[in-house]
Structure formats: structure tokens, C-alpha cells
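Encoded as C-alpha cells, the structure appears first; notes follow it.
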Amino acid sequence: MTDEKLNQILKQALAPEISDTEIRVYKRRKDRVMDFGKVGKGIAAAAAAVIIGIGGTGYFNPAFAAKLPLIGKIFEEVEDNVIYSGDYADKDLVLTNEDSAGNLDTMEYSVSDKGITLTASEVYCDGYSIFLTVNIKAKDAEFTHIPKHHTNMYDTGRTASGFYISGNWSIDGNTLGQLENTFEGEVIDDCTFVGMLKVNLAEKFDGRGEMSLEVSGLGYDDERMSESEEITASHWTDGEWNIVFPFEANKTDVKIIEVGETKGNITLNNIVVSPYQVIIHAATPGEQRELTDDRREKLLSKNPDLTEEEMLEMLGWSYEPCQTIVFNQDGEMLYSDMETAGRAGFAVQGKEIKTLHIFIFDNLDDWAQMENEGMNSSAANKAVIAKEIHVE
């Protein structure tokens, strides 16, 4: 439970008698003792009453937090600690709301199987990725043993928990990929987890659409098994949780900077800067795809009039990932996500983005040296493409 969450609990209990700046909560993780400073005697007494009401013995009771409305406000709950952090207020589309009694305003985006209920809460799309928040509730679970991971390469104090997911996803009925992602967020209590799922779109999306999640499995790690080879998804449940929800591309504060520069065997096509991510579209060719009998049959099934030359042209070249590093104008390295062929994603994490310094390598060792030494590394001279991009 974060200090921000405890602040929220206190403010809800004491509002409107107390403002944001009137409560200072210091949490001692070792013994979970709550220490209040700079609070008037009347407010302190009220705060103490809340603590007693929450824990009974002065300790925090997670069950109390679970009764607070979470669904419809999950971005607010997790946005400070997830990798793709930032202020999602006024940018998201709320799918489902929850009242103080735990009642949902719609059951359309909530599905249960094998004792686990998955509820879609909010969604945001910048045209290149879909960010979905969810609430996961389970019977007889042990979510409080899910380990946390660091989500910021500079501030090691920021952490989030992860919840594995498997299945398929599609847009407007067209199946596009497998769910090999992770819900990243916060454990509320033994049976409640809230988190965010990020799915990258293969192509830029404009307008409105429907996303379908066909979830076939959910699981989580157990910190008590840290020495075991079975820690990864040591708690796994196969089932069926299918949800279809609307979304709309939000172009607010999304910039596309065309580059179209080729050096060596790498082409830097364009750069996308959105409120939560920077995307570098760059590609390097691999090898010419072979026209196998299977590929020929598939191509001819779609157009039987294709010639051999036309089929080879359609197949073209395969592409491989580059090795890309990005810094802002202050020399801060942006948190790098998995790089795929043609796309490298980086989390903004609230950093100011006025200028981007982009370094693209074709050698993994040079990339690793620069990641370790920073923007002034001597490895910068070995980048195939080194580009300074003014965003503002």
C-alpha cells in the first residue's frame, strides 16, 4: 500500500475538513507504524480514529482499502509507479465505475471464470498503443506475495507488481496477436490486484474501434519461491475471460516527426512522441524471403494471376531489430521497452521532452556500453545513426 493510497483513504474519511497539504504520512515499512506530523490536535485525533477503525490495533487492514471504489480510478491508482507512468486524467475513457458498496455501473466489461473475475476499468489509445486498466479479484488467492520490480532506471525506489496474461487480442474482429504481456500495477489485498496492460498496435490507428481480449490464462509469481526455478507464474490458472470494449485514438499531445534518413544499413523513418511514450520507427534489413512452395500457395490463393517476380517483390526483405538508445535534452536516458523489427519503444515517465538525442547501433556491445556510460560515452561515435531531434 503506497503512501498516496493512505493519503487518499484519510482524505476520504476526513474530507472536507482537511486539505491535501494538511496531512503528512510517513510509513515505516519495517514495523508498519504510521507517524503523523504537522497536524492539528483535532485533526490528529480524527486521523487516529481512522487508523483504529482501519486496523483495530493501529495496523493497516488491507480489506478496508478493497472496499474503496477502485474500478474506474485505476489509472489514478497505478500511474505513478508503472513503467509507462504519467498523468492519465482527462485522457482515458472510463468503461466501468464502482460505487462505495462495490457495485458496478455495468457488467458488460466484467467476466468471471475459475474463481477469478477480470473487470476492464479504463482505456487510453494514442494511436500506436492501447493502455487498458483492469481489476482482478480471486477467491483464496495470495496476491500479497507477488514480488515487485523496479520501473525506473534512475529512481530505484519506484516499483510495481506484475500479473501474467496469455491469450489473443484483436481489433474490430481482426486477430492481430498473442497476449504475451503483463498487467503491471499494485496489490490491494490478498484477493485484489489492479493494473495496466499495454498492447502495441502494428500500424497507426485513427478513429474509433473495438478491442477484443480473449484471455486464456492468468498467473503470478510468488516471492516466497525466490530461490526456486518455478517462481515464474508459479500460480497459474487456465480459463476463459473474454472482453470486448470500445476505444478511440486520442491525438492530444501526440507528435509525429518525419525523418526518412538512411545510413549504412539502417533507416530512421519517423519518431512519435506521445504523453507516455516515445517510439522510434527504424529498420535494418535481414535477408530476402524465400519463395517456398507454402508461401507460393498462400499468395496464389489470394491472387492466382501473380507471377514469380511479383510474388518475390511482395515478399521483399525481412527486417531485424536495431539497438536504439534515446536521451532527452537533460541527458536523461529514457526507459527502453522491448525493441522489435521496425519499432523501439521508450517510456516518458514524466520527463520533459524538448529535444531527443537518438543513437542507433548495429552492434549490441556498443549499445550496451552507451547504456552503461550514458550520453557522453565514447560509444556514441560508433552509432550508425546519431540524430538530434527538436520536439518543441
Side-chain angles (χ1 to χ4, degrees), residues 62 66 70-71 74-75 77-79 81-85 95 109-124 129-152 158-170 175-201 211-245 276-277 335-340 345 347:
L70 287 170
I71 300 174
I74 295 176
F75 270 132
E77 181 71 23
V78 304
E79 64 185 10
N81 291 319
V82 295
I83 290 177
Y84 285 87
S85 55
L95 302 169
Y109 308 117
S110 187
V111 61
S112 299
D113 191 24
K114 304 296 179 63
I116 301 175
T117 298
L118 180 68
T119 302
S121 177
E122 306 132 290
V123 62
Y124 165 78
S129 301
I130 292 177
F131 303 77
L132 174 71
T133 63
V134 298
N135 177 284
I136 300 175
K137 291 192 72 70
K139 298 178 180 178
D140 303 321
E142 296 180 302
F143 292 169
T144 50
H145 293 290
I146 299 177
K148 290 188 174 185
H149 60 274
H150 296 297
T151 58
N152 187 304
R158 283 178 47 180
T159 59
S161 298
F163 212 105
Y164 296 111
I165 175 175
S166 69
N168 297 300
W169 62 275
S170 62
T175 300
L176 298 176
Q178 291 185 326
L179 285 169
E180 298 176 344
N181 312 59
T182 303
F183 291 119
E184 186 184 46
E186 181 179 337
V187 173
I188 302 302
D189 58 34
D190 263 351
C191 302
T192 310
F193 176 91
V194 294
M196 182 178 80
L197 172 72
K198 178 177 180 283
V199 176
N200 295 330
L201 303 175
M211 184 173 189
S212 175
L213 292 183
E214 298 177 359
V215 180
S216 59
L218 293 167
Y220 56 94
D221 296 340
D222 193 323
E223 63 185 0
R224 295 170 296 182
M225 302 177 68
S226 60
E227 302 301 323
S228 170
E229 294 180 358
E230 302 297 326
I231 184 175
T232 301
S234 51
H235 298 272
W236 184 264
T237 302
D238 292 316
E240 186 175 312
W241 300 268
N242 299 336
I243 299 175
V244 179
F245 58 88
Y276 316 108
Q277 65 177 336
Y335 192 108
S336 175
D337 204 344
M338 180 183 296
E339 187 163 358
T340 59

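Residues: numbered from 1 along the sequence shown. Everything numeric here is computed off the predicted structure, so don't read it as measured data.
In this structure a side-chain-to-backbone donor-acceptor pair under 3.5 Å is missing from Asp337 to Gly345. Side-chain atoms of His149 come within 3.5 Å of backbone N or O of Ala160 as a donor-acceptor pair. Without hydrogens or angle criteria, Glu122 side chain to Phe75 main chain gives a donor-acceptor distance under 3.5 Å.
Applying the ring pair (Phe, Tyr, Trp, His ring centres under 6.0 Å) criterion to Tyr276, with sequence neighbours excluded, gives Tyr88, Tyr124. With sequence neighbours excluded, the residues satisfying side chain to side chain contact (heavy atoms under 4.5 Å, CB included) with Ser216 are Ser166. Among residues two or more places apart in sequence or in another chain, the side chain to side chain contact (heavy atoms under 4.5 Å, CB included) test is passed with Ser112 by Thr117. Partners of Thr340 according to the side chain to side chain donor-acceptor pair (under 3.5 Å) rule, which considers only residues two or more places apart in sequence or in another chain, do not exist here. Residues forming a salt bridge (Lys or Arg N to Asp or Glu O under 4.0 Å) with Glu142 (at least two apart in sequence, or on another chain): Arg224. Partners of Ser129 by side chain to side chain contact (heavy atoms under 4.5 Å, CB included), not counting sequence neighbours, listed by chain and number: Asp126, Phe131, Lys198, Asn200, Gln277, Arg343.
In this structure, Phe193 and Phe163 have tilted ring planes: the angle between them lies in the 30° to 60° band.
Using a 4.5 Å cut-off on side-chain heavy atoms (C-beta onward), Glu184 and Thr151 make contact. With contacts defined as side-chain heavy-atom distances shorter than 4.5 Å, the pair Met211/Val199 qualifies. Two residues are said to be in side-chain contact when any heavy atoms from C-beta on lie closer than 4.5 Å; Val111 and Asn242 fail this criterion. Taking 4.5 Å as the limit, some side-chain heavy atom of Pro147 sits within range of a side-chain heavy atom of Asp221. Under the 4.5 Å side-chain criterion, counting only non-hydrogen atoms from C-beta, Leu218 is not in contact with Lys114.
Atoms CG and OH, on Leu197 and Tyr84 in that order, are 12.5 Å from each other to the nearest 0.5 Å.
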